[in-house]
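The structure under discussion appears below in the form of structure tokens.
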Amino acid sequence: MEEKWDIYLYQSRIYFCRSWTGVLAYVGEIEFNDGKVRIHKIYAPREIAEDDTEYAIRQVDYLNKDHLFKSVEPHPLPKNFPLDLDKIAAFSFSQYGSKCCFATYEDTINFKCPPRKPV
């Protein structure tokens, strides 16, 4: 129950599937240049893409950063998601399992993790 996503790379596409159902959620066209990864196009389900395109982009970005690069990042919430802590917690767990740390409505693509201070 802890792993919510399976991510596959095949040729120049990256596939994001729900781990328990196998449902394909997103497909990204990917490029590797100079040691960097760039997803230059995302295919998303119509119900997500039409209602909240930015959420689809932010979710793919989060999945890359968190699941592939093991970076601790805030995960995105859909723009019209209710501001109810119990609903946010349930949604967050259903989307990301134990990998989620904290949720935000803000732009997560340009999030910069503050430097860690020695203890």
Side-chain angles (χ1 to χ4, degrees):
M1 257 181 69
E2 303 221 356
E3 294 294 329
K4 304 294 184 176
W5 293 90
D6 291 328
I7 302 172
Y8 306 95
L9 178 64
Y10 181 72
Q11 295 180 351
S12 62
R13 291 194 171 170
I14 188 165
Y15 297 85
F16 300 88
C17 302
R18 297 310 309 246
S19 63
W20 280 60
T21 62
V23 170
L24 179 62
Y26 301 108
V27 177
E29 291 186 8
I30 194 166
E31 296 174 343
F32 297 95
N33 289 320
D34 299 324
K36 295 181 181 178
V37 176
R38 179 176 177 257
I39 297 177
H40 60 91
K41 188 177 230 178
I42 297 170
Y43 300 94
R46 183 171 300 185
E47 59 273 9
I48 292 175
E50 287 180 351
D51 186 49
D52 193 351
T53 304
E54 290 299 315
Y55 174 70
I57 295 167
R58 291 185 303 129
Q59 188 169 41
V60 168
D61 179 69
Y62 170 77
L63 291 170
N64 277 314
K65 289 176 182 173
D66 184 79
H67 289 53
L68 299 178
F69 294 102
K70 309 295 185 205
S71 178
V72 177
E73 303 281 334
H75 64 272
L77 291 170
K79 65 181 173 188
N80 294 324
F81 198 83
L83 184 54
D84 176 308
L85 296 181
D86 291 332
K87 288 181 181 177
I88 289 172
F91 174 81
S92 297
F93 184 76
S94 76
Q95 290 295 301
Y96 310 112
S98 63
K99 291 194 171 285
C100 63
C101 290
F102 50 100
T104 183
Y105 295 96
E106 302 298 320
D107 173 21
T108 53
I109 293 172
N110 295 308
F111 175 79
K112 301 287 186 226
C113 187
R116 294 182 182 206
K117 296 179 182 176
V119 241

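All of these numbers come straight from a predicted model, not from anything done at the bench.
With rounding to the nearest 0.5 Å, the separation of CD1 in Ile39 from CD1 in Ile14 is 5.0 Å. Ile7 contributes atom CD1, which lies 5.0 Å from atom CG of Leu63 (distance to the nearest 0.5 angstrom). Going from atom CD1 of Ile109 over to atom CD of Gln59 covers 11.5 Å, rounded to the nearest 0.5 Å. Arg58 contributes atom CZ, which lies 11.5 Å from atom OG1 of Thr53 (distance to the nearest 0.5 angstrom). Here the straight-line distance linking atom CZ of Phe91 with atom SG of Cys100 works out to 10.0 Å at 0.5 Å rounding.
Considering only residues two or more places apart in sequence or on other chains, Asp61 meets the salt bridge (charged side-chain N to carboxylate O under 4.0 Å, His left out) condition with Lys65. Scanning for side-chain hydrogen bond (donor to acceptor under 3.5 Å, both in side chains) contacts around Asn33 gives an empty result, with sequence neighbours left out. Under the rule for a side chain to side chain contact (heavy atoms under 4.5 Å, CB included), the partners of Asp52 that lie at least two apart in sequence or sit in another chain are Glu54, Tyr55, Pro78, Lys79. In this structure, Leu85 has no side chain to side chain contact (heavy atoms under 4.5 Å, CB included) partners at least two apart in sequence or on a different chain. In this structure Glu31 satisfies the salt bridge (charged side-chain N to carboxylate O under 4.0 Å, His left out) test together with Arg38, sequence neighbours excluded. Remark: Phe32 engages Leu9, Ile30, Val37 in a side chain to side chain contact (heavy atoms under 4.5 Å, CB included) (not counting sequence neighbours). Pro45 is linked by a side chain to side chain contact (heavy atoms under 4.5 Å, CB included) to Tyr26, Glu47, Ile48, counting only residues two or more places apart in sequence or in another chain.
Linking Ile, Leu, Val, Met, Phe, Trp and Tyr residues whenever their side-chain heavy atoms come within less than 4.5 Å places Tyr96 and Phe69 in a single cluster.
Shown here for Arg18 and Thr21, the closest heavy-atom pair between the two residues is CB-OG1, 3.4 Å. Counting all heavy atoms, side chain and backbone alike, Lys4 lies closest to Phe93 at CE-O, 3.2 Å. Heavy atoms only, all atoms of each residue included: Thr108 and Pro74 are closest at CG2-O, 3.7 Å. Of all the heavy atoms in Ser71 and Asp66, the pair that sits closest is O-OD1, 3.3 Å.
The shortest side-chain heavy-atom distance between Tyr105 and Ile88 falls under the 4.5 Å cut-off.
Ring geometry, Trp5 versus Phe16: the interplanar angle exceeds 60°, so the pair is classed perpendicular (tilted spans 30 to 60°).
Applying the side chain to side chain donor-acceptor pair (under 3.5 Å) definition to pairs two or more places apart or across chains, those involving residues 6-17 are Arg13-Glu29. Screening residues 85-94 for side chain to side chain donor-acceptor pair (under 3.5 Å), with sequence neighbours left out, gives His75-Ser92.
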